[in-house]
There are 2 protein chains.
Amino acid sequence: MGRPRLQDVAARAGVSLATASRVLNGSSRTPAPALVERVRAAAAELGYVVNAQAQALAKARTGLLGLVVQDISDPYFSSIAAGAQAQARPHGLQLLLASTDRDPAAEREAVDAFAAHRADAIVVVGTRWTGDDDAALAEALGRYAAAGGRAVVVGQPLGEAAVVRPPNAPGSRALAEALLGQGHRRFVVVTGPDRVVTARERADAFTAAAEAGGGHVEPAVVAGQFSRDGGYGAAAEVTRLARDGAGRPCVFAVTDVMAIGLIAGLRDAGLAVPRDVLVAGFDDIPTLRDHVPALTTVRVPLEEIGRRAVLVALGEADEAGEADPALATQVLLRESTGG
Amino acid sequence: MGRPRLQDVAARAGVSLATASRVLNGSSRTPAPALVERVRAAAAELGYVVNAQAQALAKARTGLLGLVVQDISDPYFSSIAAGAQAQARPHGLQLLLASTDRDPAAEREAVDAFAAHRADAIVVVGTRWTGDDDAALAEALGRYAAAGGRAVVVGQPLGEAAVVRPPNAPGSRALAEALLGQGHRRFVVVTGPDRVVTARERADAFTAAAEAGGGHVEPAVVAGQFSRDGGYGAAAEVTRLARDGAGRPCVFAVTDVMAIGLIAGLRDAGLAVPRDVLVAGFDDIPTLRDHVPALTTVRVPLEEIGRRAVLVALGEADEAGEADPALATQVLLRESTGG
DNA sequence: ACGGTGCCGGAAAGCGCATTCCCGCGCACC
DNA sequence: GGTGCGCGGGAATGCGCTTTCCGGCACCGT
């Protein structure tokens with residue numbers, strides 16, 4: 001009553017285990033057509049389902065790809081995951097997913113768990129942290145790679161792992177230049193907590209480009225969280241700046257979801273966008289396409305980043321730097337910065 | 001230079017394989033403290049990482065939980081996935097994820113792949129299809145369950161699998177009643193393609209409740225796709241209805257993302273919400289919380305549904321019907337239906 | 001006609017671990 | 001002081017499959 005084994009299929013087809021294996025799974029040699037037919041028939045009749053675990057043990061390859069993201073319910077990560085999934089399927093890889101809730105310790109645990117499952121490759125997606133939160137993760141990935149696994153990080157470099165760099169700096173620079181082109185000169189950056197490297201990359205590149213282009217950038221507003229609520233919370237400080245200084249400030253919130261929260265907070269404070277304050281975001285989250293006011297943002301090819309990470313993990317593509325043409329951003333100027 | 005095996009750890013600690021296994025993984029018996037210490041030390045020195053594949057083969061349990069969703073980049077599914085992940089981790093289960101791009105054939109293939117990997121349980125999330133698109137999936141899940149796997153579907157019942165029913169009908173009924181309570185009487189339902197059972201469940205329950213409460217429900221508008229673009233495309237027909245009849249129609253779009261698309265389409269057609277048309281959605285997608293106008297919708301405990309599905313898969317909870325109190329919906333009346 | 005060259009099928013040795021069974025020891029009890 | 005029992009450690013078996021390796025056969029060339 002248990003599951004049929006390959007042995008059972010072989011017996012029913014009147015062939016050896018080796019032949020059955022060659023017919024159903026093997027690749028190096030192809031048995032005679034008559035045997036192939038018999039084995040296939042026997043397998044079908046028995047409802048045979050290969051045991052990937054046993055196969056993995058024998059072949060030292062599991063067909064598993066570990067994907068570690070910081071929050072799968074965040075559209076940024078789920079878009080990347082969708083791209084990874086799309087690329088994994090045609091390669092016959094199954095995705096092992098871990099969503100870490102932005103906890104560096106959980107990231108490390110996920111990598112260790114995937115290593116235990118002997119995933120053929122591991123892709124870790126998400127911002128690195130300043131300080132030494134990453135040390136344990138780097139070590140875990142290092143051990144994994146030393147044992148023959150392929151490690152890829154999407155975000156910032158970490159240890160020896162191959163890296164796919166989302167175009168944070170180029171995108172932020174392009175955004176600054178586009179806003180300068182619209183005539184804006186007074187900028188405010190709403191960034192995430194200090195330890196979030198991605199937030200810093202975007203903020204720094206934007207600030208540098210804005211100042212290089214003759215703009216004035218106010219001291220950055222540091223949001224308490226790297227999220228919608230963080231953006232909302234930053235509204236108070238932005239409101240103060242808007243009421244103090246001269247002219248409408250043009251605010252760059254380093255992610256779309258922060259920008260959305262910021263706009264909501266401004267509205268609750270009695271300020272309208274773009275009437276009183278201009279706001280731009282980053283990422284071009286699909287669900288926010290119909291936001292009112294339409295949000296100026298930078299489109300990041302998230303799915304493509306996911307696909308690329310998988311290809312790198314498979315050794316079929318090279319690492320991607322911030323300037324990689326396949327991962328180029330696109331600035332989308334919309335109503336929130338004055339149209 | 002290969003990975004250390006348990007055998008290597010045992011040798012280094014001067015104990016037998018069995019003892020090492022008992023120390024590091026086993027549970028039935030605990031060796032003497034001195035030995036435990038020696039084995040642990042040896043494992044640490046060697047950098048031993050247990051081979052989950054080998055363990056799975058020997059124990060006939062993999063610690064894998066298969067999760068099949070229709071589109072991981074859709075916030076509906078990614079929220080459920082987040083809940084599933086949160087529930088899986090404390091149980092020491094790893095998530096095997098498949099995103100099928102809403103292709104019934106891909107759903108079946110994913111189930112077969114998970115069965116091959118001997119996942120301890122499989123959860124299939126998403127609407128069923130009318131017609132016999134589901135037959136193959138039902139069969140695959142049936143085979144899997146017959147071989148001892150635990151199968152759970154989130155959505156509509158399918159074969160013998162345990163089912164967690166999102167509260168589509170209760171939520172839709174409650175929404176209709178709330179809208180009636182606001183005084184609305186003229187309703188339009190924007191539903192998805194006929195084959196999408198979830199769309200039909202919501203539309204039917206809403207229609208029945210609205211009519212039972214004395215409302216008038218126009219013939220349903222069938223969107224071409226179960227998505228934002230489907231909602232956008234339905235705007236033309238809704239515009240016609242709004243211009244024809246008497247009074248502002250109150251439109252129920254069966255998902256938030258369709259509602260958002262609809263509102264965008266209406267805007268492009270020159271109609272404002274709620275000035276000319278009222279619109280309500282379903283799901284309460286977090287990212288849309290700051291939409292303007294604020295969207296009347298039905299909050300569905302998506303993460304909780306994900307958690308529950310995992311618990312059912314683990315045999316630690318019972319199936320959940322549409323009226324399950326733990327999965328209750330909440331109607332959120334907001335500006336899009338007149339506040 | 002004979003030795004040689006491929007092919008093709010089967011037997012068997014693992015892959016890394018859990019687990020059953022067995023054995024030896026020390027203790028309590030009679 | 002002897003018997004029985006409990007406990008802790010080790011040898012061996014098997015989980016289901018892949019993959020060498022080997023033997024036999026047919027077919028080729030000379």
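In the text below, chain A, chain B and the rest are named by the order of the sequence lines, each starting its count at 1. Remember, predicted model here, so these are calculated numbers, not experimental data.
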task = Give me the one residue out of A:Leu95, A:Val310, A:Leu314 that meets side-chain contact (heavy atoms from CB on, under 4.5 Å) with A:Gln87.
result = A:Val310
message = Which residue is it: B:Thr19, B:Val50, B:Val36, B:Val39? I am looking for the one with a side-chain contact (heavy atoms from CB on, under 4.5 Å) to B:Leu24.
response = B:Val39
ask   = Using the C1' atoms of the five pairs at each end, what is the angle between the end axes of the helix from C:dG4-D:dC27 to C:dC30-D:dG1, to 10°?
value = 40°
[X] [atom1] - [N] [atom2] separation (whole Å):
X: B:Gln7; N: C:dA18; atom1: CD; atom2: C1'; answer: 14 Å
X: A:Asp8; N: D:dG16; atom1: CG; atom2: P; answer: 9 Å
X: A:His117; N: C:dG16; atom1: NE2; atom2: C1'; answer: 15 Å
X: B:Leu24; N: C:dC17; atom1: CG; atom2: C1'; answer: 11 Å
X: B:Arg38; N: D:dG8; atom1: CZ; atom2: P; answer: 16 Å
X: A:Arg61; N: C:dG16; atom1: CZ; atom2: C1'; answer: 18 Å
X: A:Gln53; N: D:dG14; atom1: CD; atom2: C1'; answer: 16 Å

Checking [X] now: which residues fulfil side chain to side chain donor-acceptor pair (under 3.5 Å) with it, not counting sequence neighbours?
X: A:Thr198; answer: A:Thr127, A:Gln156
X: B:Arg128; answer: B:Glu107, B:Asp134
X: A:Ser79; answer: none
X: A:Asp133; answer: A:Arg195

remark   = Scanning both residues in full, the closest heavy-atom pair of A:Asp74 with A:Arg102 reads OD2-NH2, 3.2 Å
note = Walking DNA chain D from its 5' end, the first of B:Leu57 and B:Gly14 to be reached, judged by nearest nucleotide, is B:Gly14
query = Is the backbone of A:Ala82 close enough, under 3.5 Å, to the side chain of B:Ser99 for a donor and an acceptor to pair up by distance?
reply = no
ask   = Taking protein heavy atoms under 4.0 Å as touching, what does nucleotides 18-27 of chain D look like 5' to 3' if B marks base contact, S marks sugar-phosphate-only contact and - marks none?
value = BBBB------
request  = Just compare D:dC17, D:dG10, C:dG16 and give me whichever is closest to any side-chain atom of A:Arg5.
outcome  = D:dC17
B:Glu304 bridged to B:Arg308 by N-O distance under 4.0 Å = no
